[in-house]
Amino acid sequence: MNKIKNIIFDWGNVLIDVRPENFIEECKKVGVKFTNREVNSTHKAGFFLEHEMGVISDKQFRNEFRLCSSSNLTDEEIDFIWNSMLGKVPLYKLELLVSLKRKYNLYLLSNTNSIHWNRYSGTVFSYNGLNVNDIFDGVYLSYMLHSSKPDERIFKMVIEDSGIDVNETLFVDDSLKNCYTAQRLGMEVLNYIPGSDLRYYLLKELEQYFGKFLPKN
């Protein structure tokens, strides 16, 4: 088995804490209700998905949200509600990333939107004077690439742009669908369970040279 040189991380639920229930609660306060399918923290639908893929702008997203509300919400109020689902990147994960950076090329591949990214990316990765661009060799976001996981296209964009060898790459994501795509393309995968100790499972798999452990598809 080839030696792992690259690790691709998901953002939401793998690195940054995601609490959809906070968003749902804030929505209730202004008379808005969305289905779980629309706002699922892993795979979205409707205008949430369109925003995540960069099909609609922040302004269009806010207007769509406003139409669903019984209140004439300001842009700032909508952003506060939308951002309420995101928490922080735990300190131990930041320490883990910095430690891994000494040995591996690190990349971020996230299904996310510009409102979330612009609000949090400048702060949640701050560690000992480092920022997101110091930690990752490349950052790939669905709203900028107009494609989202689990579509193979976004993976192939990352592979082509970064020049990585898939046989030397580990992909870490909380979605089985996303992991299956990465696996089909030749990557090793770690299907992370949100809330578990990322450090333990990641280092365990690195030490064991990434034995195959995904359930059969």
Are any side-chain N or O atoms of Asn83 and backbone N or O atoms of Asp79, one a donor and one an acceptor, separated by less than 3.5 Å? yes
State which residues pass side chain to side chain donor-acceptor pair (under 3.5 Å) with Lys101; sequence neighbours excluded, sorted by chain then number. Asp137
Side-chain hydrophobic cluster, 4.5 Å single linkage: members besides Ile193: none
Would the number of heavy atoms belonging to other residues, nucleotides or ligands and lying under 6.0 Å from OH of Tyr92 be above 12? yes
Is it true that a side-chain atom of His51 and a backbone atom of Arg62 form a donor plus acceptor pair closer than 3.5 Å? no
Which residues pass the salt bridge (Lys or Arg N to Asp or Glu O under 4.0 Å) test with Glu26, not counting sequence neighbours? Lys29
Side chains of Asp17 and Pro90 in contact at under 4.5 Å (non-hydrogen atoms): yes
Listing request: all ring pair (Phe, Tyr, Trp, His ring centres under 6.0 Å) pairs with a residue in residues 133-167, at least two apart in sequence or in separate chains. Phe125-Phe136, Phe155-Phe171
Under 4.5 Å between any side-chain heavy atoms of Val124 and Trp11, yes or no? yes
Go through the side-chain N and O atoms of Asn131 and Ser126 and say whether any donor and acceptor fall under 3.5 Å apart. no
Would you mind reporting whether Tyr107 and Ser162 have side-chain heavy atoms less than 4.5 Å apart? yes
Using distance alone, with no hydrogens and no angle criterion, decide if Trp82 and Asn113 have a side-chain donor and acceptor under 3.5 Å apart. yes
To the nearest 0.5 Å, what is the distance between CG (Leu190) and CG (Asp10)? 11.5 Å
Under the salt bridge (Lys or Arg N to Asp or Glu O under 4.0 Å) test, residues paired with Lys88 that sit two or more places apart: none
For a 4.5 angstrom cut-off between non-hydrogen side-chain atoms, does Leu108 reach Leu15? yes
Side-chain donor or acceptor of Ser110 paired with backbone N/O of Leu141 under 3.5 Å: no
Output the distance between atom CD1 (Ile16) and atom CE (Met85), rounded to the nearest 0.5 Å. 11.0 Å
Could you pull out the closest heavy-atom pair between Cys27 and Ile81, with the gap in Å? SG-CG2, 3.9 Å
Return the minimal non-hydrogen interatomic distance between Val14 and Val172, and the atom names on each side. CG1-CG1, 4.0 Å
Met187 and Ile8 have their tightest heavy-atom pair at CE-CD1, 4.0 Å
Name all residues meeting the side chain to side chain contact (heavy atoms under 4.5 Å, CB included) criterion together with Leu100; count only those two or more places apart in sequence or in a different chain, and write none if there are none. Ile7, Phe9, Leu96, Tyr104, Leu106, Leu202, Leu203, Leu206
Is a salt bridge present between Arg184 and Glu152, judged by a nitrogen-to-oxygen distance below 4.0 Å? yes
Would the distance check show the side chain of Lys149 and the main-chain N or O of Leu109 forming a donor-acceptor pair, the cut-off being under 3.5 Å? yes
Contacts of Ser69 that satisfy side chain to side chain donor-acceptor pair (under 3.5 Å) - sequence neighbours left out: none
Close side-chain approach of Glu95 to Tyr127, heavy-atom, < 4.5 Å: yes
Under the rule for side chain to side chain donor-acceptor pair (under 3.5 Å), what residues qualify as partners of Asn6, not counting sequence neighbours? Asn105, Thr169
Connected-component partners of Tyr200 among ILVMFWY, side-chain separation under 4.5 Å: Tyr201
For Arg19, side chain to side chain donor-acceptor pair (under 3.5 Å) partners two or more places apart: none
Arg153: which residues meet the salt bridge (Lys or Arg N to Asp or Glu O under 4.0 Å) condition with it, sequence neighbours left out? Asp151
Which heavy atom in Ser147 sits nearest to a heavy atom in Met53, and how many Å separate them? CA-CE, 3.8 Å
Does Asn111 offer a backbone N or O that forms a donor-acceptor pair with the side chain of Ser148 under 3.5 Å? no
CD/Glu77 to CG/Asp75 distance, rounded to the nearest 0.5 angstrom? 9.5 Å
Pairwise distance CD1(Ile164) to CD1(Ile159) - rounded to 0.5 angstrom: 5.5 Å
Is any side-chain heavy atom of Val89 closer than 4.5 Å to a side-chain heavy atom of Tyr120? no
Flag if over 12 foreign heavy atoms under 6.0 Å of CD, Glu160: no
Contact check, side chains of Ile78 and Ile115, non-hydrogen atoms, under 4.5 Å: no
Atom pair CG (Asp173) and SG (Cys179), whose distance is rounded to the nearest 0.5 Å: 5.0 Å
Answer with yes or no whether the hydrophobic clustering places Leu91 together with Leu130; edges join I, L, V, M, F, W, Y residues whose side-chain heavy atoms lie under 4.5 Å apart. yes
CD1 on Ile154 to OG1 on Thr181, rounded to 0.5 Å: 11.0 Å
For Glu64, give me all partners under salt bridge (Lys or Arg N to Asp or Glu O under 4.0 Å), at least two apart in sequence or on another chain. none
